[in-house]
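In what follows, a structure is listed as structure tokens, so that the remarks can point back to it.
Throughout, a chain's letter reflects where its sequence line sits, starting with A, and its residues are numbered from 1. Only a predicted model underlies this, so the values are computations on that prediction, with no experimental measurement involved. These numbers come from the heavy atoms of this one structure, side chains and all, not from hydrogens, waters or symmetry mates.
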Amino acid sequence: MHLIIGLLLLVITTVVVGEPRGGELYSAHCSACHGDTGGGGVGVPLSLPSFLDSVDDKFLRMTIRHGRPGRVMPAFSQLSDAQIDAIVRFIRSWSKEPAPEFSDEPIRGDAQHGKQLFASECADCHGEKGEGGRGTGVTFSRKRDLPITPPALNNPGFLAAASDEMIRHTLKTGRLGTPMDSFLADGLSEQDIDDLVSYVRSWEKQLPVTEKRAVTVAETTISVESPYTLKETIENLKDAIVSQNFILIREDTLEHGLVREGEEDPSEVILHFCNFKFLYEALAVDPRVGMFLPCQVTVTEVAGKVTVATINPLYLSRLFNNAELSEYCEKMHEVYALILEDATL
Amino acid sequence: MKHLPGVILFTLLLLPRPGIAEDMIMTRSVLAFPEAMLALQESIAAHGYTVSRVQRIDIGLTGMGYKTDKYRIVFAGKIDEIRELTDKAPQLTPYLPPKISIFAEGDQTILVTINPKRYAEIAGDAIAPVFFDRWESDLRSIFYDVNTAR
């Protein structure tokens with residue numbers, strides 16, 4: 001009997017797992033960034049015909065599997081191959097054209113010449129070393145230089161997913177409806193384009209140092225013991241916050257709003273503060289920075305011992321997969337450390 | 001030879017850590033900001049959590065002369081759970097109270113939060129993993145509500 005139920009369950013799960021629904025998976029994993037109909041957002045657009053006609057299914061599958069390290073797009077290592085295939089089929093359903101197919105044959109060109117061309121034709125948008133444009137995807141709510149952020153081309157995720165022929169095709173045809181032009185139309189020769197492909201491919205062997213940063217951090221918080229009383233420490237912190245050019249927003253108990261007034265634990269106090277210029281710039285780099293907001297210092301008193309602590313922005317920063325944001329987190333780390341030091345001196 | 005394990009550990013730490021999809025929980029609502037915010041607050045309450053504060057980041061920014069769309073931080077928690085965390089895992093205290101970012105994107109709305117699994121790493125052995133599993137599943141359910149609200 002148990003065996004039958006077990007077998008039955010097995011059949012049911014195989015049916016369910018065997019036919020994952022692409023639309024639902026896309027909605028659960030991708031639409032927050034790429035838009036419910038692929039129009040883009042924190043992520044780049046995926047539904048443009050010029051995009052779908054210039055990438056093969058392998059490119060889509062590999063991009064989902066490996067993500068783009070340091071460029072926001074996460075690696076979906078937890079999805080099964082069947083689930084990824086279902087998402088790819090769903091994305092394909094936005095286009096009437098069949099998926100293009102590209103060969104895996106390497107293209108040989110003069111990478112040195114490609115390097116010169118890249119500096120004059122591509123670096124303005126894709127960055128000097130192919131590190132990609134500032135910011136992410138398509139942001140509607142804030143000012144930006146280009147309507148779509150040029151993707152990073154020196155990225156291990158991109159280089160693993162894209163074949164040489166796919167890159168060549170993109171350079172020849174461009175992506176209509178995006179800032180990416182056809183470079184044949186712009187006057188480059190077929191040979192120039194092959195040289196560019198060789199140069200882009202050469203990055204696969206020398207991955208940028210930026211990918212290796214901000215990973216050595218183990219500390220989850222920054223904290224120091226204060227030689228002062230709770231009250232004195234709070235006053236010191238307020239001064240320190242202002243002297244770092246931040247605006248104090250409020251002082252409150254940690255439990256404020258969670259229990260009735262007067263029942264909060266008075267020995268856990270938080271100070272909220274902000275620097276709006278800094279914040280504005282950080283939001284342009286990653287709209288998800290709200291997870292760092294507002295800046296917060298927590299002061300606690302346990303058995304007469306007063307401790308001041310903040311989150312470690314470098315620890316949180318890893319979760320965002322955004323190399324550009326890491327720079328802001330380093331700055332924030334510095335500010336937090338200075339405020340804590342200042343207040344407990 | 002005796003130093004080999006140390007060397008290996010060091011190298012592991014230096015390896016790039018790819019962004020993993022499970023680090024953050026995100027969702028999109030096709031609703032405009034005010035309706036999505038309402039759906040969020042309703043679902044938070046329905047799951048037994050209390051909204052303790054809503055920080056209006058956009059107001060601060062526009063007040064300083066910057067142009068921005070709606071952007072708020074919603075703090076929410078359960079007092080018993082927060083007391084358990086601050087008692088047993090004080091290293092988590094600076095990460096509390098828990099929060100969700102909600103911001104407008106055109107005429108739709110995006111929600112983001114840190115996966116509580118990452119807090120489990122900070123808490124170490126002090127708190128049973130099931131605590132964070134439950135928290136994660138509540139958050140996913142709240143996000144699902146907002147995602148499907150019409």
Looking only at B/N147, B/T86, B/I100, B/I82, most heavy-atom pairs under 4.5 Å shared with chain A are made by B/T86
Among residues 34-52 of chain B, residues within the sub-4.5 Å heavy-atom range of chain A, in order of number, are B/T50, B/V51, B/S52
Applying a strict 4.5 Å limit to non-hydrogen atoms, the region of A/I249 in contact with chain B is side chain
Turns out that what part of B/Y144 lies under 4.5 Å from chain A's heavy atoms comes down to neither
Honestly, the part of A/C274 sitting under 4.5 Å from a heavy atom of chain B is neither
Greatest number of non-hydrogen atom pairs under 4.5 angstrom with chain B, of A/S223, A/G290, A/G257, A/G157, falls to A/G290
Answer key: most heavy-atom pairs under 4.5 Å with chain B among A/H272, A/K277, A/M291 is A/M291
Rounding to 0.5 Å, atoms CD (A/E219) and CD1 (B/I122) come to a distance of 11.5 Å
Determine whether B/S101 and A/L293 make a side-chain contact, defined as any pair of heavy atoms from C-beta on separated by less than 4.5 Å.
no
Rounding to 0.5 Å, atoms OG1 (B/T62) and CZ (A/F276) come to a distance of 9.0 Å
All heavy atoms of B/R83 vs all of A/V259, minimum pair found to be NH2-CG1, 4.1 Å
Item to complete: Decide yes or no on side-chain contact (heavy atoms from CB on, under 4.5 Å) for A/R250 and B/Q55, but give the supporting numbers first.
Response: CA-CA 11 Å; A/R250 76 174 61 84; B/Q55 177 70 44; 2.8 Å; yes
Can you classify the ring geometry of B/Y95 versus A/Y315 as parallel (below 30°), tilted (30 to 60°) or perpendicular (above 60°)? perpendicular
For B/R150, the salt bridge (charged side-chain N to carboxylate O under 4.0 Å, His left out) test, sequence neighbours excluded, returns none
Scanning both residues in full, the closest heavy-atom pair of B/K99 with A/F292 reads NZ-C, 4.0 Å
In short, B/R118 meets A/L319 closest at the heavy-atom pair CD-CD2, 3.5 Å
For A/T310 and B/P94, the nearest pair of non-hydrogen atoms, with its separation, is C-CB, 3.5 Å
*Could you please spell out the steps behind the side-chain contact (heavy atoms from CB on, under 4.5 Å) verdict for A/L283 and B/L61?*
CA-CA 11 Å; A/L283 274 171; B/L61 280 167; 3.6 Å; yes
Most heavy-atom pairs under 4.5 Å with chain B, out of A/I247, A/L316, A/L254, belong to A/L254
Checklist line | Working for side-chain contact (heavy atoms from CB on, under 4.5 Å), residues B/I79 and A/E263 | finding: CA-CA 11 Å; B/I79 187 65; A/E263 287 176 13; over 6 Å; no
| message | Could you check whether any side-chain heavy atom of A/L279 comes within less than 4.5 Å of a side-chain heavy atom of B/I57, counting everything from C-beta outward? | response | yes
When the 4.5 angstrom heavy-atom criterion is applied to B/S29 and chain A, the contacting part is neither
* Asked: Can you tell me if B/Q108 uses its side chain to pair, donor with acceptor, with the backbone of A/G35 under 3.5 Å?
  -> no
In short, A/I270 meets B/P97 closest at the heavy-atom pair CD1-CD, 4.3 Å
Next item on the list: Give a yes or no answer on whether the side chain of B/Y71 reaches the backbone of A/P287 with a donor-acceptor pair at less than 3.5 Å.
Entry: yes
### Message
Any donor-acceptor pair under 3.5 Å linking the side-chain atoms of B/Y66 with those of A/E281?
### Response
no
Heaviest contributor of heavy-atom pairs below 4.5 Å to chain B, chosen from A/N322, A/D252, A/V72, A/L79, is A/D252
Between A/C33 and B/M26, the two heavy atoms sitting closest are SG-CE, 3.7 Å
Ranking A/A28, A/A309, A/S31 by heavy-atom pairs under 4.5 Å to chain B gives rank one to A/S31
Go through the steps to decide whether B/M24 and A/N321 satisfy the test side-chain contact (heavy atoms from CB on, under 4.5 Å), and finish with yes or no. CA-CA 10 Å; B/M24 305 253 218; A/N321 184 29; over 6 Å; no
Given B/I114, B/T27, B/V30, B/I110, the one with more heavy-atom pairs under 4.5 angstrom with chain A than any other is B/I114
Chain B shares the most heavy-atom pairs under 4.5 Å, among A/I222, A/V302, A/T298, A/T307, with A/T298
If one checks every heavy atom of A/R68 against chain B at 4.5 Å, the contacting part turns out to be neither
